[in-house]
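Encoded as C-alpha coordinates, the structure appears first; notes follow it.
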Number of protein chains: 2
Amino acid sequence: MKPYLLVIEDEEALATLLDYNLDKEGFRVDRAGDGEEGLLKIEEETPDLVLLDWMLPKVSGVEVCRQLRARPETRRTPILMLTARGEESDKVRGLDTGADDYVVKPFAMSELTARIRALLRRTRPELVDERLEYGDIVLDRASRRVMRSGRNVHLGPTEFRLLDFLMQRPGRVFSRERLMDAVWGPNTYVELRTVDVHVGRLRKALREGGAADPIRTVRSAGYSLDHQA
Amino acid sequence: MKPYLLVIEDEEALATLLDYNLDKEGFRVDRAGDGEEGLLKIEEETPDLVLLDWMLPKVSGVEVCRQLRARPETRRTPILMLTARGEESDKVRGLDTGADDYVVKPFAMSELTARIRALLRRTRPELVDERLEYGDIVLDRASRRVMRSGRNVHLGPTEFRLLDFLMQRPGRVFSRERLMDAVWGPNTYVELRTVDVHVGRLRKALREGGAADPIRTVRSAGYSLDHQA
DNA sequence: TCCCGAGTGTCACAAAAGTGTCATGGGGCG
DNA sequence: CGCCCCATGACACTTTTGTGACACTCGGGA
(Lines give C-alpha, C1' and ligand atoms only; values in the text may rest on other atoms or scores of the structure.)
Protein backbone atom coordinates (compact mmCIF):
# COMPACT_ATOMS: atom_id res chain seq x y z
CA MET A 1 0.00 0.00 0.00
CA LYS A 2 2.53 2.59 1.10
CA PRO A 3 5.57 2.97 -1.15
CA TYR A 4 8.48 1.03 0.26
CA LEU A 5 11.75 2.93 0.40
CA LEU A 6 15.10 1.54 1.36
CA VAL A 7 17.58 3.97 2.84
CA ILE A 8 21.18 2.84 2.53
CA GLU A 9 23.18 5.26 4.62
CA ASP A 10 25.92 4.72 7.16
CA GLU A 11 25.65 8.02 8.92
CA GLU A 12 23.41 7.13 11.80
CA ALA A 13 22.12 10.63 12.48
CA LEU A 14 21.09 11.29 8.91
CA ALA A 15 19.55 7.87 8.53
CA THR A 16 17.40 8.39 11.60
CA LEU A 17 16.32 11.76 10.37
CA LEU A 18 15.37 10.35 7.00
CA ASP A 19 13.61 7.43 8.58
CA TYR A 20 11.53 9.70 10.75
CA ASN A 21 10.61 12.22 8.09
CA LEU A 22 9.88 9.80 5.31
CA ASP A 23 7.69 7.77 7.59
CA LYS A 24 5.78 10.91 8.39
CA GLU A 25 5.37 11.51 4.66
CA GLY A 26 3.55 8.24 4.32
CA PHE A 27 6.34 6.01 3.11
CA ARG A 28 7.26 2.67 4.55
CA VAL A 29 10.97 2.87 5.26
CA ASP A 30 13.63 0.31 5.98
CA ARG A 31 17.24 1.09 6.57
CA ALA A 32 20.58 -0.51 5.81
CA GLY A 33 23.88 0.63 7.24
CA ASP A 34 26.12 -0.49 4.42
CA GLY A 35 26.02 -1.66 0.85
CA GLU A 36 26.12 -5.32 1.69
CA GLU A 37 23.19 -5.14 4.04
CA GLY A 38 21.39 -3.01 1.51
CA LEU A 39 21.74 -5.60 -1.23
CA LEU A 40 20.43 -8.27 1.09
CA LYS A 41 17.38 -6.28 2.05
CA ILE A 42 16.71 -5.58 -1.57
CA GLU A 43 16.85 -9.24 -2.33
CA GLU A 44 14.27 -9.93 0.33
CA GLU A 45 11.77 -7.40 -0.86
CA THR A 46 12.29 -5.25 -3.88
CA PRO A 47 11.89 -1.64 -2.77
CA ASP A 48 9.91 0.83 -4.81
CA LEU A 49 12.85 3.22 -4.57
CA VAL A 50 16.34 3.19 -3.12
CA LEU A 51 17.93 6.13 -1.34
CA LEU A 52 21.61 5.50 -1.64
CA ASP A 53 24.55 7.17 -0.03
CA TRP A 54 27.44 7.69 -2.37
CA MET A 55 30.12 6.75 0.12
CA LEU A 56 29.42 3.55 1.99
CA PRO A 57 31.40 0.96 3.94
CA LYS A 58 31.91 -2.55 2.52
CA VAL A 59 30.16 -2.05 -0.81
CA SER A 60 30.17 1.46 -2.23
CA GLY A 61 27.14 3.25 -3.57
CA VAL A 62 28.39 2.99 -7.12
CA GLU A 63 28.81 -0.73 -6.76
CA VAL A 64 25.32 -1.13 -5.31
CA CYS A 65 24.01 0.80 -8.28
CA ARG A 66 25.82 -1.40 -10.69
CA GLN A 67 24.53 -4.55 -9.07
CA LEU A 68 20.97 -3.32 -8.99
CA ARG A 69 21.10 -2.51 -12.67
CA ALA A 70 22.44 -5.95 -13.38
CA ARG A 71 19.52 -7.80 -11.83
CA PRO A 72 16.30 -8.07 -13.76
CA GLU A 73 14.06 -7.49 -10.71
CA THR A 74 15.72 -4.21 -9.87
CA ARG A 75 16.74 -2.96 -13.27
CA ARG A 76 13.94 -0.44 -13.26
CA THR A 77 13.98 0.40 -9.56
CA PRO A 78 14.64 4.12 -9.17
CA ILE A 79 17.79 5.08 -7.30
CA LEU A 80 18.26 8.43 -5.66
CA MET A 81 21.85 9.22 -4.70
CA LEU A 82 22.84 11.20 -1.64
CA THR A 83 26.16 12.95 -2.12
CA ALA A 84 28.25 15.34 -0.09
CA ARG A 85 29.13 18.62 -1.73
CA GLY A 86 32.02 18.30 -4.10
CA GLU A 87 32.13 14.54 -3.76
CA GLU A 88 32.82 13.15 -7.20
CA SER A 89 30.16 15.53 -8.31
CA ASP A 90 30.96 15.52 -11.99
CA LYS A 91 30.47 11.85 -12.27
CA VAL A 92 27.32 11.87 -10.24
CA ARG A 93 25.86 14.76 -12.17
CA GLY A 94 26.04 12.84 -15.33
CA LEU A 95 24.15 10.05 -13.61
CA ASP A 96 26.14 7.63 -15.69
CA THR A 97 26.44 5.44 -12.64
CA GLY A 98 22.91 4.27 -13.20
CA ALA A 99 21.27 6.44 -10.57
CA ASP A 100 18.14 8.28 -11.61
CA ASP A 101 18.61 11.44 -9.61
CA TYR A 102 20.71 12.82 -6.80
CA VAL A 103 20.62 15.40 -4.06
CA VAL A 104 23.56 17.11 -2.47
CA LYS A 105 23.88 17.13 1.29
CA PRO A 106 22.77 19.06 3.14
CA PHE A 107 19.35 19.18 1.57
CA ALA A 108 15.88 20.30 2.55
CA MET A 109 13.56 17.47 3.40
CA SER A 110 10.91 18.97 1.15
CA GLU A 111 13.26 18.84 -1.80
CA LEU A 112 14.01 15.22 -1.11
CA THR A 113 10.40 14.14 -0.86
CA ALA A 114 9.60 16.09 -4.02
CA ARG A 115 12.27 14.22 -5.92
CA ILE A 116 11.20 10.92 -4.44
CA ARG A 117 7.64 11.47 -5.54
CA ALA A 118 8.74 12.49 -8.98
CA LEU A 119 10.75 9.31 -9.42
CA LEU A 120 8.01 7.13 -8.04
CA ARG A 121 5.45 8.70 -10.32
CA ARG A 122 7.58 7.74 -13.25
CA THR A 123 7.94 4.09 -12.41
CA ARG A 124 5.04 3.17 -10.16
CA PRO A 125 2.36 5.76 -10.54
CA GLU A 126 -0.14 3.61 -8.65
CA LEU A 127 1.84 4.21 -5.46
CA VAL A 128 1.70 7.96 -5.36
CA ASP A 129 -1.16 8.72 -7.58
CA GLU A 130 -4.45 9.76 -6.28
CA ARG A 131 -6.15 7.36 -8.54
CA LEU A 132 -5.85 3.68 -9.28
CA GLU A 133 -7.36 2.02 -12.29
CA TYR A 134 -7.98 -1.55 -13.19
CA GLY A 135 -10.18 -2.42 -16.10
CA ASP A 136 -13.34 -0.40 -15.73
CA ILE A 137 -12.75 0.19 -12.02
CA VAL A 138 -11.39 3.53 -10.86
CA LEU A 139 -10.45 4.28 -7.29
CA ASP A 140 -9.80 7.86 -6.32
CA ARG A 141 -7.96 8.25 -3.05
CA ALA A 142 -8.33 11.99 -2.79
CA SER A 143 -12.08 11.95 -2.95
CA ARG A 144 -12.33 8.46 -1.49
CA ARG A 145 -14.52 7.40 -4.35
CA VAL A 146 -14.80 4.33 -6.45
CA MET A 147 -16.40 4.24 -9.87
CA ARG A 148 -17.10 1.35 -12.14
CA SER A 149 -17.81 2.18 -15.77
CA GLY A 150 -18.65 5.70 -14.70
CA ARG A 151 -21.18 4.57 -12.13
CA ASN A 152 -20.44 5.51 -8.53
CA VAL A 153 -19.84 2.59 -6.18
CA HIS A 154 -20.45 3.08 -2.51
CA LEU A 155 -18.04 1.28 -0.19
CA GLY A 156 -17.53 1.25 3.55
CA PRO A 157 -14.08 2.19 4.85
CA THR A 158 -12.94 -1.39 5.15
CA GLU A 159 -14.06 -2.36 1.68
CA PHE A 160 -12.36 0.75 0.36
CA ARG A 161 -9.02 -0.15 1.90
CA LEU A 162 -9.40 -3.70 0.74
CA LEU A 163 -10.00 -2.67 -2.84
CA ASP A 164 -7.18 -0.15 -2.66
CA PHE A 165 -4.82 -2.87 -1.58
CA LEU A 166 -5.98 -5.37 -4.17
CA MET A 167 -5.72 -2.77 -6.93
CA GLN A 168 -2.06 -2.20 -6.22
CA ARG A 169 -1.13 -5.62 -7.40
CA PRO A 170 -3.87 -6.94 -9.55
CA GLY A 171 -3.58 -10.59 -10.39
CA ARG A 172 -1.61 -11.45 -7.35
CA VAL A 173 -3.18 -13.79 -4.83
CA PHE A 174 -3.27 -12.69 -1.22
CA SER A 175 -3.96 -15.00 1.67
CA ARG A 176 -6.51 -14.03 4.27
CA GLU A 177 -3.66 -13.43 6.71
CA ARG A 178 -1.96 -11.06 4.32
CA LEU A 179 -5.15 -9.14 3.69
CA MET A 180 -5.84 -9.01 7.39
CA ASP A 181 -2.43 -7.46 7.95
CA ALA A 182 -2.71 -5.02 5.11
CA VAL A 183 -6.27 -3.88 5.59
CA TRP A 184 -6.93 -4.29 9.28
CA GLY A 185 -3.40 -3.66 10.49
CA PRO A 186 -0.86 -6.12 11.77
CA ASN A 187 -2.01 -6.30 15.36
CA THR A 188 -5.67 -6.91 15.01
CA TYR A 189 -7.38 -9.86 16.51
CA VAL A 190 -10.24 -10.63 14.29
CA GLU A 191 -11.66 -13.83 12.95
CA LEU A 192 -9.95 -14.70 9.66
CA ARG A 193 -13.23 -15.49 8.03
CA THR A 194 -14.19 -11.87 8.45
CA VAL A 195 -12.09 -11.29 5.35
CA ASP A 196 -14.51 -13.47 3.42
CA VAL A 197 -17.41 -11.38 4.55
CA HIS A 198 -15.79 -8.15 3.47
CA VAL A 199 -14.70 -9.59 0.18
CA GLY A 200 -18.29 -10.62 -0.25
CA ARG A 201 -19.51 -7.12 0.50
CA LEU A 202 -16.94 -5.62 -1.86
CA ARG A 203 -18.01 -8.02 -4.57
CA LYS A 204 -21.62 -7.21 -4.12
CA ALA A 205 -20.95 -3.48 -4.33
CA LEU A 206 -18.81 -3.86 -7.44
CA ARG A 207 -21.34 -6.08 -9.16
CA GLU A 208 -24.06 -3.49 -8.67
CA GLY A 209 -25.60 -2.92 -12.05
CA GLY A 210 -24.85 -6.36 -13.43
CA ALA A 211 -21.09 -6.06 -14.00
CA ALA A 212 -18.87 -9.14 -13.76
CA ASP A 213 -17.23 -10.18 -10.51
CA PRO A 214 -13.67 -8.80 -10.64
CA ILE A 215 -12.41 -10.82 -7.71
CA ARG A 216 -11.06 -14.29 -8.10
CA THR A 217 -11.26 -16.78 -5.25
CA VAL A 218 -8.33 -19.13 -5.13
CA ARG A 219 -9.36 -22.09 -3.10
CA SER A 220 -7.18 -22.74 -0.08
CA ALA A 221 -5.01 -19.75 -0.95
CA GLY A 222 -6.87 -16.46 -0.93
CA TYR A 223 -8.22 -13.81 -3.27
CA SER A 224 -7.00 -11.65 -6.09
CA LEU A 225 -8.31 -8.83 -8.20
CA ASP A 226 -8.34 -10.45 -11.55
CA HIS A 227 -10.10 -11.42 -14.70
CA GLN A 228 -11.93 -14.59 -13.92
CA ALA A 229 -11.24 -17.84 -15.75
CA MET B 1 7.17 -27.35 -1.70
CA LYS B 2 7.94 -24.98 1.12
CA PRO B 3 11.63 -24.61 1.88
CA TYR B 4 12.51 -26.73 4.88
CA LEU B 5 14.62 -24.99 7.52
CA LEU B 6 16.20 -26.56 10.56
CA VAL B 7 16.76 -24.31 13.53
CA ILE B 8 19.45 -25.54 15.91
CA GLU B 9 19.24 -23.29 18.94
CA ASP B 10 19.23 -24.03 22.65
CA GLU B 11 17.70 -20.79 23.84
CA GLU B 12 14.09 -21.75 24.11
CA ALA B 13 12.67 -18.25 23.81
CA LEU B 14 14.59 -17.38 20.67
CA ALA B 15 13.85 -20.74 19.10
CA THR B 16 10.14 -20.28 19.62
CA LEU B 17 10.27 -16.80 18.16
CA LEU B 18 12.13 -18.05 15.11
CA ASP B 19 9.79 -20.95 14.73
CA TYR B 20 6.77 -18.71 14.79
CA ASN B 21 8.08 -16.04 12.46
CA LEU B 22 9.66 -18.30 9.90
CA ASP B 23 6.50 -20.34 9.71
CA LYS B 24 4.60 -17.16 9.02
CA GLU B 25 7.07 -16.37 6.26
CA GLY B 26 6.15 -19.55 4.49
CA PHE B 27 8.94 -21.83 5.55
CA ARG B 28 8.55 -25.26 7.02
CA VAL B 29 10.53 -25.25 10.24
CA ASP B 30 11.83 -27.93 12.53
CA ARG B 31 13.84 -27.32 15.66
CA ALA B 32 16.67 -29.01 17.50
CA GLY B 33 17.85 -28.02 20.97
CA ASP B 34 21.48 -29.04 20.64
CA GLY B 35 24.04 -30.05 18.07
CA GLU B 36 23.54 -33.75 18.55
CA GLU B 37 19.82 -33.61 18.02
CA GLY B 38 20.44 -31.31 15.07
CA LEU B 39 22.68 -33.78 13.32
CA LEU B 40 20.12 -36.51 13.86
CA LYS B 41 17.32 -34.48 12.36
CA ILE B 42 19.50 -33.58 9.42
CA GLU B 43 20.17 -37.22 8.82
CA GLU B 44 16.45 -37.90 8.85
CA GLU B 45 15.64 -35.27 6.26
CA THR B 46 18.14 -32.98 4.59
CA PRO B 47 17.03 -29.39 5.20
CA ASP B 48 17.22 -26.75 2.50
CA LEU B 49 19.00 -24.51 4.97
CA VAL B 50 20.30 -24.75 8.52
CA LEU B 51 20.04 -21.96 11.08
CA LEU B 52 22.76 -22.69 13.55
CA ASP B 53 23.55 -21.21 16.89
CA TRP B 54 27.24 -20.67 17.44
CA MET B 55 27.27 -21.81 21.06
CA LEU B 56 25.48 -25.05 21.65
CA PRO B 57 25.43 -27.76 24.28
CA LYS B 58 26.91 -31.21 23.49
CA VAL B 59 28.12 -30.50 19.95
CA SER B 60 29.09 -26.91 19.18
CA GLY B 61 27.98 -24.97 16.16
CA VAL B 62 31.41 -25.12 14.64
CA GLU B 63 31.50 -28.85 14.95
CA VAL B 64 28.06 -29.22 13.40
CA CYS B 65 29.30 -27.09 10.53
CA ARG B 66 32.33 -29.25 10.07
CA GLN B 67 30.33 -32.43 10.05
CA LEU B 68 27.81 -31.08 7.58
CA ARG B 69 30.57 -30.08 5.23
CA ALA B 70 32.03 -33.54 5.51
CA ARG B 71 28.91 -35.34 4.33
CA PRO B 72 28.14 -35.38 0.65
CA GLU B 73 24.36 -34.88 1.12
CA THR B 74 24.89 -31.72 3.10
CA ARG B 75 28.05 -30.35 1.58
CA ARG B 76 26.12 -27.75 -0.32
CA THR B 77 23.42 -27.10 2.26
CA PRO B 78 23.56 -23.42 3.22
CA ILE B 79 24.33 -22.70 6.86
CA LEU B 80 23.40 -19.45 8.54
CA MET B 81 25.10 -18.83 11.87
CA LEU B 82 23.50 -17.05 14.79
CA THR B 83 26.07 -15.39 17.00
CA ALA B 84 25.96 -13.18 20.06
CA ARG B 85 27.70 -9.86 19.79
CA GLY B 86 31.43 -10.15 20.19
CA GLU B 87 31.32 -13.92 20.37
CA GLU B 88 34.29 -15.20 18.43
CA SER B 89 33.31 -12.64 15.89
CA ASP B 90 36.55 -12.53 13.97
CA LYS B 91 36.47 -16.18 13.23
CA VAL B 92 32.83 -16.12 12.31
CA ARG B 93 33.20 -13.09 10.10
CA GLY B 94 35.67 -14.83 7.96
CA LEU B 95 33.14 -17.60 7.58
CA ASP B 96 36.05 -19.97 7.44
CA THR B 97 34.09 -22.35 9.60
CA GLY B 98 32.10 -23.37 6.59
CA ALA B 99 29.06 -21.28 7.31
CA ASP B 100 27.69 -19.25 4.41
CA ASP B 101 26.50 -16.24 6.31
CA TYR B 102 25.83 -15.09 9.84
CA VAL B 103 23.71 -12.67 11.80
CA VAL B 104 24.51 -11.12 15.13
CA LYS B 105 21.95 -11.31 17.92
CA PRO B 106 19.83 -9.47 18.49
CA PHE B 107 18.67 -9.13 14.91
CA ALA B 108 15.60 -7.90 13.08
CA MET B 109 13.46 -10.70 11.76
CA SER B 110 13.33 -8.95 8.39
CA GLU B 111 17.09 -9.07 8.15
CA LEU B 112 17.14 -12.74 8.96
CA THR B 113 14.53 -13.66 6.38
CA ALA B 114 16.36 -11.51 3.83
CA ARG B 115 19.53 -13.44 4.37
CA ILE B 116 17.72 -16.74 4.33
CA ARG B 117 16.11 -15.94 1.02
CA ALA B 118 19.38 -14.72 -0.40
CA LEU B 119 21.10 -17.97 0.52
CA LEU B 120 18.26 -20.09 -0.78
CA ARG B 121 18.21 -18.20 -4.04
CA ARG B 122 21.85 -18.95 -4.48
CA THR B 123 21.59 -22.66 -3.94
CA ARG B 124 18.04 -23.55 -4.87
CA PRO B 125 16.46 -20.76 -6.87
CA GLU B 126 13.47 -22.93 -7.74
CA LEU B 127 12.46 -22.83 -4.09
CA VAL B 128 12.00 -19.08 -3.93
CA ASP B 129 11.30 -17.98 -7.49
CA GLU B 130 7.83 -16.89 -8.38
CA ARG B 131 7.60 -18.41 -11.75
CA LEU B 132 8.47 -21.83 -13.07
CA GLU B 133 8.55 -22.77 -16.72
CA TYR B 134 8.91 -26.01 -18.51
CA GLY B 135 8.27 -26.29 -22.20
CA ASP B 136 4.94 -24.66 -22.89
CA ILE B 137 3.86 -24.91 -19.25
CA VAL B 138 4.13 -21.87 -17.00
CA LEU B 139 3.36 -21.94 -13.32
CA ASP B 140 3.06 -18.61 -11.56
CA ARG B 141 3.10 -18.81 -7.80
CA ALA B 142 2.14 -15.18 -7.21
CA SER B 143 -1.06 -15.37 -9.15
CA ARG B 144 -1.39 -19.07 -8.46
CA ARG B 145 -2.03 -19.73 -12.07
CA VAL B 146 -0.93 -22.34 -14.53
CA MET B 147 -0.91 -21.70 -18.24
CA ARG B 148 -0.18 -24.03 -21.08
CA SER B 149 0.56 -22.40 -24.41
CA GLY B 150 -1.17 -19.30 -23.16
CA ARG B 151 -4.32 -21.17 -22.20
CA ASN B 152 -5.29 -21.03 -18.54
CA VAL B 153 -5.33 -24.39 -16.78
CA HIS B 154 -7.46 -24.80 -13.70
CA LEU B 155 -5.99 -26.98 -10.98
CA GLY B 156 -7.13 -27.88 -7.49
CA PRO B 157 -4.74 -27.11 -4.63
CA THR B 158 -3.23 -30.57 -4.56
CA GLU B 159 -2.67 -30.74 -8.29
CA PHE B 160 -1.12 -27.30 -8.13
CA ARG B 161 1.37 -28.34 -5.46
CA LEU B 162 2.09 -31.53 -7.33
CA LEU B 163 2.88 -29.69 -10.54
CA ASP B 164 4.92 -27.13 -8.64
CA PHE B 165 7.02 -29.88 -7.19
CA LEU B 166 7.47 -31.72 -10.46
CA MET B 167 8.45 -28.51 -12.20
CA GLN B 168 11.23 -27.93 -9.73
CA ARG B 169 13.12 -30.86 -11.17
CA PRO B 170 11.78 -31.68 -14.56
CA GLY B 171 12.91 -34.95 -15.98
CA ARG B 172 13.60 -36.46 -12.64
CA VAL B 173 11.55 -39.44 -11.55
CA PHE B 174 9.87 -39.33 -8.16
CA SER B 175 8.49 -42.31 -6.33
CA ARG B 176 4.99 -42.16 -4.93
CA GLU B 177 6.46 -41.99 -1.45
CA ARG B 178 8.56 -38.99 -2.36
CA LEU B 179 5.62 -37.23 -3.95
CA MET B 180 3.47 -38.04 -0.98
CA ASP B 181 6.00 -36.42 1.32
CA ALA B 182 6.53 -33.39 -0.82
CA VAL B 183 2.97 -32.66 -1.79
CA TRP B 184 0.92 -33.97 1.10
CA GLY B 185 3.45 -33.34 3.82
CA PRO B 186 5.60 -35.80 5.69
CA ASN B 187 3.05 -36.83 8.29
CA THR B 188 0.08 -37.70 6.21
CA TYR B 189 -1.55 -41.05 6.26
CA VAL B 190 -3.05 -41.56 2.90
CA GLU B 191 -3.20 -44.46 0.52
CA LEU B 192 -0.19 -44.36 -1.81
CA ARG B 193 -2.38 -45.00 -4.81
CA THR B 194 -3.97 -41.66 -4.21
CA VAL B 195 -0.93 -40.21 -5.92
CA ASP B 196 -1.96 -42.00 -9.09
CA VAL B 197 -5.35 -40.41 -8.95
CA HIS B 198 -3.98 -36.92 -8.59
CA VAL B 199 -1.41 -37.45 -11.28
CA GLY B 200 -4.31 -38.56 -13.42
CA ARG B 201 -6.26 -35.43 -12.62
CA LEU B 202 -3.24 -33.25 -13.29
CA ARG B 203 -2.71 -34.97 -16.61
CA LYS B 204 -6.28 -34.50 -17.60
CA ALA B 205 -6.16 -30.80 -16.77
CA LEU B 206 -2.90 -30.30 -18.67
CA ARG B 207 -4.16 -32.20 -21.71
CA GLU B 208 -7.19 -29.95 -21.93
CA GLY B 209 -7.32 -28.68 -25.46
CA GLY B 210 -5.53 -31.60 -27.04
CA ALA B 211 -1.98 -30.97 -25.85
CA ALA B 212 0.38 -33.88 -25.26
CA ASP B 213 0.71 -35.58 -21.90
CA PRO B 214 3.73 -33.99 -20.20
CA ILE B 215 3.99 -36.57 -17.45
CA ARG B 216 5.87 -39.77 -17.89
CA THR B 217 4.95 -42.87 -15.92
CA VAL B 218 7.92 -44.94 -14.99
CA ARG B 219 6.68 -48.40 -14.32
CA SER B 220 7.33 -49.57 -10.78
CA ALA B 221 9.27 -46.39 -10.02
CA GLY B 222 7.12 -43.31 -10.16
CA TYR B 223 6.43 -40.27 -12.29
CA SER B 224 8.31 -37.42 -13.84
CA LEU B 225 7.55 -34.26 -15.74
CA ASP B 226 9.06 -34.97 -19.07
CA HIS B 227 8.70 -34.98 -22.79
CA GLN B 228 7.39 -38.37 -23.69
CA ALA B 229 10.03 -40.67 -25.08
C1' DT C 1 -29.31 12.61 26.66
C1' DC C 2 -31.37 9.47 23.53
C1' DC C 3 -32.09 7.73 19.06
C1' DC C 4 -30.64 6.43 14.52
C1' DG C 5 -28.14 4.66 10.84
C1' DA C 6 -23.92 3.16 8.78
C1' DG C 7 -20.39 -0.10 9.46
C1' DT C 8 -18.44 -4.23 11.61
C1' DG C 9 -17.36 -8.76 13.31
C1' DT C 10 -19.45 -13.50 14.17
C1' DC C 11 -22.14 -17.30 13.37
C1' DA C 12 -24.68 -20.86 11.29
C1' DC C 13 -26.02 -23.14 7.37
C1' DA C 14 -25.97 -24.04 2.42
C1' DA C 15 -23.43 -24.62 -1.66
C1' DA C 16 -19.37 -25.50 -4.14
C1' DA C 17 -15.08 -27.52 -4.87
C1' DG C 18 -11.79 -30.80 -3.95
C1' DT C 19 -10.24 -35.45 -1.96
C1' DG C 20 -9.41 -40.27 -0.91
C1' DT C 21 -10.81 -45.10 -1.97
C1' DC C 22 -12.17 -48.66 -4.58
C1' DA C 23 -13.36 -51.61 -8.39
C1' DT C 24 -12.72 -52.48 -12.98
C1' DG C 25 -10.26 -52.94 -17.16
C1' DG C 26 -6.04 -52.21 -19.95
C1' DG C 27 -1.43 -52.82 -21.19
C1' DG C 28 3.37 -53.35 -20.88
C1' DC C 29 6.99 -56.62 -20.04
C1' DG C 30 9.23 -60.75 -18.90
C1' DC D 1 0.56 -65.62 -22.22
C1' DG D 2 0.18 -64.16 -17.58
C1' DC D 3 1.32 -60.96 -14.09
C1' DC D 4 1.75 -56.93 -12.17
C1' DC D 5 1.17 -52.23 -12.32
C1' DC D 6 -1.47 -48.28 -13.74
C1' DA D 7 -5.37 -45.42 -15.56
C1' DT D 8 -9.77 -43.97 -14.66
C1' DG D 9 -14.73 -43.33 -13.62
C1' DA D 10 -17.77 -43.40 -9.76
C1' DC D 11 -18.95 -41.93 -5.31
C1' DA D 12 -19.19 -40.90 -0.57
C1' DC D 13 -17.00 -37.66 2.31
C1' DT D 14 -14.32 -33.32 3.76
C1' DT D 15 -12.96 -28.93 3.46
C1' DT D 16 -13.48 -24.44 2.08
C1' DT D 17 -16.21 -20.58 0.70
C1' DG D 18 -20.58 -17.64 0.07
C1' DT D 19 -24.08 -15.29 2.47
C1' DG D 20 -28.05 -13.72 5.17
C1' DA D 21 -29.05 -12.62 9.87
C1' DC D 22 -27.93 -10.41 14.01
C1' DA D 23 -26.00 -7.99 17.75
C1' DC D 24 -22.83 -4.16 18.82
C1' DT D 25 -20.23 0.10 18.42
C1' DC D 26 -19.80 4.78 17.50
C1' DG D 27 -20.78 9.42 16.00
C1' DG D 28 -23.75 12.67 14.98
C1' DG D 29 -28.07 15.18 15.28
C1' DA D 30 -32.56 16.25 17.44
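Keep in mind the model is a prediction, meaning the values are calculated, not measured. Chain A is the first sequence line, chain B the second, and so forth, proteins listed ahead of strands; every chain is numbered from 1.
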Rounded to the nearest 0.5 angstrom, the NZ-CG distance for B:Lys2 and B:Leu22 is 11.5 Å
Distance col, row A:Leu68:CG vs A:Leu39:CG, nearest 0.5 angstrom, shows 6.0 Å
Separation of D:dT16 atom P from B:Arg144 atom CZ, nearest Å, is 13 Å
> Does B:Thr158 make a side-chain N or O approach to OP1 or OP2 of C:dG18 shorter than 4.0 Å?
Replying inline: no
B:Glu191 atom CD is separated from D:dC13 atom C1', nearest whole Å, by 16 Å
Separation of C:dT10 atom P from A:Arg201 atom CZ, nearest Å, is 11 Å
To the nearest angstrom, the CG-P distance between A:Leu162 and C:dG9 comes to 11 Å
Side chain proximity check, B:Ile79 to B:Leu119, heavy atoms < 4.5 angstrom: no
Whether each nucleotide of nucleotides 2-7 of chain D has a protein heavy atom under 4.0 Å at its base (B), only at its sugar-phosphate (S) or at neither (-) is summarised, 5' to 3', as --BSSS
task = May I ask you to evaluate whether A:Trp184 reaches the phosphate of C:dG9, defined as a side-chain N or O under 4.0 Å from OP1 or OP2?
result = yes
Rounding to 0.5 Å, atoms CZ (A:Arg28) and CG (A:Leu6) come to a distance of 10.5 Å
Shortest non-hydrogen pair, B:Ser143 vs A:Gly171, comes out as CB-O, 3.0 Å
For this session: Check whether the ring centres of B:His198 and B:Phe160 lie less than 6.0 Å apart, and answer yes or no.
Result: no
ring-ring contact (aromatic ring centres under 6.0 Å, His included) pairs touching residues 21-53 of chain B, sequence neighbours excluded, are none
From CZ of B:Arg161 across to P of C:dG18 the rounded distance in Å is 12 Å
Item to complete: Give a yes/no answer on whether the side chain of B:His154 brings an N or O atom under 4.0 Å of OP1 or OP2 in C:dA17.
Response: no
A:His198 atom NE2 is separated from D:dT19 atom P, nearest whole Å, by 15 Å
Rounded to whole Å, the CZ-P distance (B:Phe160 to D:dT16) equals 17 Å
Separation of C:dG27 atom C1' from B:Asp213 atom CG, nearest Å, is 16 Å
